[in-house]
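Quick note: residue numbers are just sequence positions, from 1. Values reported hereafter were calculated over all heavy atoms of this structure, with side chains retained and with hydrogens, waters and symmetry mates removed.
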Amino acid sequence: MVTALIFAGGTGRRMNSRSKPKQFLEMHGKPIIIYTLEHFEYHEDVDDIVVVCIREWIEELKGLLRRFGITKVKKIVPGGETGHDSIYNGLLSMKEYRETNDIVLIHDGVRPLVTGSLITENIEAVKKYGNAITAEAARESVVRSTDGKSICDVPPREQMYVAKAPQSFRFGRIMELYEWARKNDKKTIDSAHLCSLYGEPMHIVTSGKNNIKITEPVDYYIYRALYEAMEGQQIFGI
């Protein structure tokens with residue numbers, strides 16, 4: 001069985017949106033979270049979806065699911081204080097019905113340009129390697145600094161990747177890692193960071209360049225331009 005765990009528990013402070021969290025901002029009358037969910041809703045290998053949502057927006061989300069015909073959402077879970085806590089809450093809610101070897105794809109609610117082929121590649125990689133971390137090769141040099149003022153290292157660019165999503169795992173193993181982190185009072189940026197912290201081997205699935213995360217206002221406008229360009233290509237091809 002395959003579950004998509006979509007975390008949309010953030011308030012989006014960097015978006016400067018006064019009225020709505022970023023995942024509920026609309027484009028062409030449809031919220032970003034719905035665009036994201038549709039990719040998993042329509043994927044034949046995804047059995048169900050768990051969404052981690054800001055508590056105060058859960059009823060709004062339920063209404064949107066009905067309005068846009070999203071039927072695979074099995075649970076909506078309140079988010080935590082951090083992204084790490086939100087993912088843990090989502091995984092915890094799955095313990096009662098998911099088996100150790102089931103697959104979970106952990107994905108940002110504000111990463112709406114994920115593709116069906118990328119979802120498929122993640123599922124197949126988990127079956128073969130035990131996990132899949134979607135990553136994009138760095139297109140510019142990456143520098144490292146320990147104080148934010150001076151550069152202490154410039155790693156070879158051909159070795160550098162940017163971790164994206166989905167980040168996918170056997171349910172039992174990723175649940176175990178998050179429970180270890182909770183017992184040891186550790187908080188991580190994402191699931192790949194958590195795996196690194198505990199020395200878990202990870203397998204890369206290559207991301208396309210358009211798999212952006214909408215974090216700041218400029219990301220929204222980039223997303224809109226990319227989406228409209230892709231829609232235009234479909235029309236042109238008719």
Side-chain angles (χ1 to χ4, degrees), residues 1-9 23 32-52 70 72-75 77 83-84 86-91 93-95 97-138 160-178 188-198 200-215 223 226-227 230:
M1 301 294 283
V2 177
T3 296
L5 172 55
I6 311 299
F7 60 102
Q23 55 270 35
I32 290 170
I33 182 65
I34 297 297
Y35 282 103
T36 302
L37 287 170
E38 284 178 338
H39 292 288
F40 298 91
E41 173 76 16
Y42 302 144
H43 197 288
E44 61 181 9
D45 294 331
V46 175
D47 296 293
D48 57 37
I49 303 169
V50 172
V51 183
V52 183
I70 305 297
K72 284 187 181 179
V73 174
K74 186 179 182 73
K75 288 189 175 186
V77 182
H84 177 100
S86 291
I87 293 172
Y88 175 77
N89 289 354
L91 290 170
S93 75
M94 295 164 57
K95 285 188 75 172
Y97 72 97
R98 277 289 163 255
E99 302 292 334
T100 297
N101 285 327
D102 287 340
I103 295 172
V104 55
L105 289 77
I106 301 174
H107 192 74
D108 306 285
V110 289
R111 202 180 286 275
L113 290 176
V114 62
T115 63
S117 60
L118 185 56
I119 293 170
T120 298
E121 288 178 46
N122 268 256
I123 293 170
E124 293 306 311
V126 174
K127 290 178 180 177
K128 187 173 182 179
Y129 302 105
N131 62 43
I133 305 299
T134 302
E136 181 183 352
M160 296 297 104
Y161 290 78
V162 178
K164 297 200 168 189
Q167 297 183 3
S168 308
F169 308 89
R170 293 291 185 184
F171 172 71
R173 183 54 178 164
I174 195 62
M175 184 78 253
E176 185 177 36
L177 291 175
Y178 271 93
T188 56
I189 297 169
D190 60 10
S191 302
H193 183 202
L194 176 65
C195 288
S196 177
L197 189 66
Y198 287 103
E200 186 78 2
M202 290 175 275
H203 178 77
I204 288 177
V205 169
T206 304
S207 174
K209 295 178 181 179
N210 294 342
N211 188 18
I212 65 170
K213 181 180 178 182
I214 301 173
T215 303
Y223 164 57
L226 288 169
Y227 178 85
M230 288 187 288

Test side-chain contact (heavy atoms from CB on, under 4.5 Å) applied to Arg111 and Asn211, step by step: CA-CA 7 Å; Arg111 202 180 286 275; Asn211 188 18; 3.1 Å; yes

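Counting only distance, with no hydrogens or angles, the side chain of Lys164 and the backbone of Ser207 share no donor-acceptor pair below 3.5 Å. The backbone N or O of Pro112 lies less than 3.5 Å from a partner atom in the side chain of His39, making a donor-acceptor pair. Between the Gln23 side chain and the Ala8 main chain, a donor and an acceptor come within less than 3.5 Å of each other. Remark: the backbone N or O of Ala192 is not paired with any side-chain donor or acceptor of Ser196 at under 3.5 angstrom.
Note that CD1 of Ile70 and CZ of Phe40 are 11.5 Å apart. Values are rounded to the nearest 0.5 Å.
For the pairing with Ser168, the side chain to side chain donor-acceptor pair (under 3.5 Å) check across Thr134, Asn122, Asn131 returns one residue only, Asn122. Under the side chain to side chain contact (heavy atoms under 4.5 Å, CB included) test applied with Pro166, the options Ile106, Ile123, Leu118 reduce to a single match, Leu118. For the side chain to side chain contact (heavy atoms under 4.5 Å, CB included) test with Ile119, the passing option among Glu124, His107, His43 is His43; the others fail.
Within the 4.5 Å cutoff, the side chain of Met202 has no heavy atoms near those of the Tyr129 side chain. Contact check for Phe169 versus Ile133: side-chain heavy atoms found under the 4.5 Å cut-off.
Note on Asp47 versus Arg98: no salt bridge recorded, every NZ/NE/NH1/NH2 to OD/OE distance being 4.0 Å or above.
Both tests pass for Lys74 against the ring of Tyr97: distance under 6.0 Å to the centre and angle within 45° of the axis.
A tilted orientation is assigned to the rings of Tyr178 and His84, their planes being inclined by 30° to 60°.
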